[in-house]
**Student:** 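Take a look at this one; I'll ask things after.
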Amino acid sequence: MAYKSDIEIAQECTMAPITEVAAKAGIDDRYLEQYGKYKAKINYSLLKESEAPDGKLVLVTAINPTPAGEGKTTTTVGLADGLRKIGKKSVAALREPSLGPIFGVKGGAAGGGYAQVVPMEDINLHFTGDFHAISTANNLLAAMVDNHIYQGNALNIDPRRITWRRCMDMNDRQLRNIVDGLGGKSNGTPREDGYDITAASEIMAVLCLANDIDDLKSRLAKLVVGYTYGKASEQKPVTAGDLHAEGAMCALLKDALKPNLVQTLEHTPAIIHGGPFANIAHGCNSVTATRMALKLGDYCVTEAGFGADLGAEKFFDIKCRMAGLTPSAVVVVASVRALKHHGGVAIKDLNEENLEALEKGLPNLLKHVSNIRGVYHLPCVVAVNAFPTDTKAELDLVEQECRKLGVNVALSQVWAKGGEGGIALAEEVVRLCEEDHSGFTFSYELEGSIQDKLDQIVRKIYGGSGAILTASARKQAEQLEALGYGSCPICVAKTQYSLSDDPSKLGAPGDFPVTVRNLKISAGAGFIVALTGEIMTMPGLPKSPAAESIDIDSTGRISGLF
């Protein structure tokens, strides 16, 4: 049987005018700013003026990702459609895709099969320009830092201790570390510099965590760009506010702060806004978008990036803590194929039934489920993303092991059937949302040292023995605590492929240390970034990037996007 590609399915669908989608969501015309016929911005004043009660917040997360595929976004979209199928008013709240992965390894990020958001090509490419605005604001600040030094350096910034890097929304390893300012005095001060991908920029995190435009400007002013000359004990942080940059940056971001409205293939309203990576940043869509979805629907279905050890942990411990959000239920997505890969099966052999490998890989799923229930005290369901090669014995084994933890399993067939294939999952989610979730807790409290908080994340969430700080990371921790940043939550940057900081350790390894090599304050976002392993803030392209397969014909029809 020949399957249609995701882009073929998306291009064949009949989209509803965005005004009709807005009406379905209950968005008054005065809040809608159209970007063509099928996408629009929603003015953030809707949040201040709406008197509607909040709906239920449902998080979709997953096991540690594998090349075999899990289908988190597909499940999120299909669940939102499935809830509509059973008569519930649902709104999906998703992240915006980054161009880097789209042209690199991952390809598009708008769902898949018959559980997609559209217009797929727009969403995966420039969309409404949010990422470009974030890149421009980031690079304006970088330019103002170097210009300040060139113009006399009244703030006494040490060029060797500038922490603010430039960014672009593309994978380009060549720009990870550069030397700029060459060519003589008129071209600036020569110094080491580098680029991050836009999804890893602190501006992205700030935009996603800001409550409104005033909060956005306040957070931008707190951005730390570097430190002054002097011994470690004498160095003072220099901020964007010191450079008087926050006003201009906020002006660049005023439209980017407004969430974007699109639709699923079944015309369910979907709000897509912000896209921080979960293996580097906090991996969640914007607080504004989530709050809007809660106001507009009885159920807000949102997702957090990569596995639950990264995206879900940061969703709970950073986003929910800062925004005062309480989830009602959690969906943990897995596939039999991915679990067999965690059990040691090579990609080429995943189509064969292998109960032994599945049993070895299941602890990865069970660890994430245990964390949701035992650490955060939230009800959850496991959604098994169906593949044609799954056997009844394999599916029964997954259900059997999950039931031992008191968790139900729902077979998700949304890729092939859309909302119809998500009805069973939707019914279980509705049931869970009626349970008492007042016991929701975080994995750590903000009191205590940076070391203490890192240890709790490693032990409780990853299943390791604790965090080991390198000598330089220990000094950074001491400096950050001395500067008053010690009470900030922690945003761990680590590999997405393993619960540990070693991508080769699949399944559920135990009793391992996690080495923290660098600590950095993201004062505007309000958290400390802890870099572990070989994680990089600027990815590179693979040997055969997805860009090689993307094309457009004379009619403007795009192919190969996903």
Side-chain angles (χ1 to χ4, degrees), residues 5-7 10-11 13 15 17-18 21 32-43 73 77 92-112 116-140 166-172 175 195-201 203-205 207-208 249 251-264 270-277 281 285-286 288-289 305 538-539 541 545-562:
S5 69
D6 291 342
I7 192 169
Q11 289 172 338
C13 83
M15 290 184 282
I18 199 63
V21 178
L32 204 65
E33 301 173 12
Q34 293 186 57
Y35 278 58
K37 192 175 180 180
Y38 302 113
K39 55 188 176 179
K41 287 276 188 186
I42 311 171
N43 195 289
T73 303
V77 174
L94 305 171
R95 294 167 299 149
E96 297 180 49
S98 164
L99 291 174
I102 287 167
F103 292 113
V105 176
K106 186 177 179 182
Q116 294 187 58
V117 281
V118 287
M120 185 259 221
E121 301 100 310
D122 290 5
I123 293 166
N124 277 318
L125 297 177
H126 300 287
F127 203 15
T128 57
D130 293 346
F131 273 58
H132 299 310
I134 291 166
S135 300
T136 303
N138 182 101
N139 294 338
L140 169 63
R166 288 162 166 81
C167 77
M168 62 182 293
D169 190 29
M170 193 57 62
N171 292 1
D172 193 344
L175 295 178
Y195 278 74
D196 296 330
I197 193 166
T198 299
S201 166
I203 304 287
M204 175 67 80
L207 183 89
C208 287
M249 295 168 69
L252 285 168
L253 295 168
K254 71 177 181 67
D255 290 324
L257 184 60
K258 301 169 185 174
N260 308 291
L261 178 68
V262 290
Q263 62 191 289
T264 72
I271 300 176
I272 300 182
H273 194 219
F277 285 163
N285 72 332
S286 75
T288 302
M538 171 56 84
L541 291 172
E548 293 178 357
S549 302
I550 297 172
D551 201 1
I552 185 168
D553 65 20
S554 58
T555 68
R557 192 176 181 87
I558 295 172
S559 60
L561 191 57
F562 199 54

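These numbers were taken from a predicted model, which means no experiment stands behind them.
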**Student:** I want to check something: taking the side chain as every heavy atom from C-beta on, are K258 and T128 in contact at a cut-off of under 4.5 Å?
**Tutor:**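 Not in contact.
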**Student:** Rounded to the nearest 0.5 Å, what separates atom OH in Y38 from atom CD in Q263?
**Tutor:**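 Rounded to the nearest 0.5 Å, the OH-CD separation comes out at 8.5 Å.
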**Student:** Can you name the one residue among V118, I123, V262 that meets side-chain contact (heavy atoms from CB on, under 4.5 Å) with K39?
**Tutor:**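 Among the candidates, only V262 passes.
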**Student:** Quick one: are K37 and M15 in side-chain contact, heavy atoms under 4.5 Å?
**Tutor:**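 No - every pair of side-chain heavy atoms lies 4.5 Å or more apart.
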**Student:** Given the rule in the side chain to side chain contact (heavy atoms under 4.5 Å, CB included) test, do I197 and N171 qualify, once you have shown the distances and angles that lead to the verdict?
**Tutor:** CA-CA 7 Å; I197 193 166; N171 292 1; 3.3 Å; yes
**Student:** Considering all heavy atoms of both residues, which atom of L207 and which atom of A256 are nearest to each other, and what is their separation?
**Tutor:**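 That closest heavy-atom pairing would be CD2-O, 3.8 Å.
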**Student:** Is the backbone of I272 close enough, under 3.5 Å, to the side chain of N260 for a donor and an acceptor to pair up by distance?
**Tutor:**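 Between the backbone of I272 and the side chain of N260 there is a qualifying donor-acceptor contact (under 3.5 Å).
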**Student:** Minimum heavy-atom separation for T198 and M204, please, with both atom names.
**Tutor:**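 Between these two residues, the closest heavy atoms are O-CB, 3.7 Å.
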**Student:** Can you tell me how far apart CG (L252) and CG (L140) are? Round to the nearest 0.5 Å.
**Tutor:**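 It is 6.0 Å, given to the nearest 0.5 Å.
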**Student:** Would you find a donor on one side and an acceptor on the other, under 3.5 Å apart, between the side chain of Q116 and the backbone of V77?
**Tutor:**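 Not a single qualifying donor-acceptor pair exists.
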**Student:** Do E33 and N43 pass the side chain to side chain contact (heavy atoms under 4.5 Å, CB included) test, and can you show the C-alpha distance, the side-chain angles, and the key distance before you say yes or no?
**Tutor:** CA-CA 7 Å; E33 301 173 12; N43 195 289; 3.1 Å; yes
**Student:** Compare all side-chain heavy atoms of L253 with those of I134 and state whether any distance is below 4.5 angstrom.
**Tutor:**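 In short, these two side chains touch, coming nearer than 4.5 Å.
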**Student:** Please identify each residue that fulfils side-chain hydrogen bond (donor to acceptor under 3.5 Å, both in side chains) with T288, with sequence neighbours left out.
**Tutor:**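 Here no residue qualifies.
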**Student:** So, for L32 and I18, which heavy atoms are closest and what is the spacing to 0.1 Å?
**Tutor:**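 Reported closest heavy-atom pair: CD2-O, 4.4 Å.
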**Student:** Is there side-chain contact between S201 and D196, with heavy atoms separated by less than 4.5 Å?
**Tutor:**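 No, every pair of side-chain atoms sits at 4.5 Å or beyond.
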**Student:** Step by step, work out the side chain to side chain contact (heavy atoms under 4.5 Å, CB included) result for D172 and Y195.
**Tutor:** CA-CA 9 Å; D172 193 344; Y195 278 74; over 6 Å; no
**Student:** Would you check if N139 and C167 make a side-chain contact, meaning some heavy-atom pair closer than 4.5 Å?
**Tutor:**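 Side chain of N139 against side chain of C167, heavy atoms only: contact under 4.5 Å found.
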**Student:** Apply side chain to side chain contact (heavy atoms under 4.5 Å, CB included) to residues L125 and F103 and explain how you reach the verdict.
**Tutor:** CA-CA 10 Å; L125 297 177; F103 292 113; 3.9 Å; yes
**Student:** Please report the shortest heavy-atom distance between F277 and P539, naming the atom on each side.
**Tutor:**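 Between these two residues, the closest heavy atoms are CE1-CG, 4.5 Å.
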**Student:** Check whether the side chains of D169 and S98 place a donor and an acceptor atom closer than 3.5 Å, and report yes or no.
**Tutor:**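 D169 vs S98: donor-acceptor pair found between side chains.
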**Student:** Mind listing the closest non-hydrogen atom pair of G274 and C208 along with its distance?
**Tutor:**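 Taking every non-hydrogen atom into account, CA-SG, 3.6 Å.
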**Student:** Is the closest side-chain heavy-atom distance between M168 and M538 below 4.5 Å?
**Tutor:**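 Side-chain contact under 4.5 Å: yes.
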**Student:** Drop me the distance from H132's NE2 to F127's CZ, to the nearest 0.5 angstrom.
**Tutor:**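 Between H132 NE2 and F127 CZ, I get 12.0 Å after rounding to 0.5 Å.
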**Student:** Quick one: does I552's side chain get under 4.5 Å of I558's, heavy atoms only?
**Tutor:**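 Yes, their side chains come closer than 4.5 Å.
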**Student:** If you compare all heavy atoms of A270 against all heavy atoms of V117, which two are closest, and at what distance to 0.1 Å?
**Tutor:**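 Closest pair (atom of A270, atom of V117, distance): CB-CG1, 3.7 Å.
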**Student:** CG/N138 to CD1/I203 distance, rounded to the nearest 0.5 angstrom?
**Tutor:**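 With rounding to 0.5 Å, CG (N138) is 5.5 Å from CD1 (I203).
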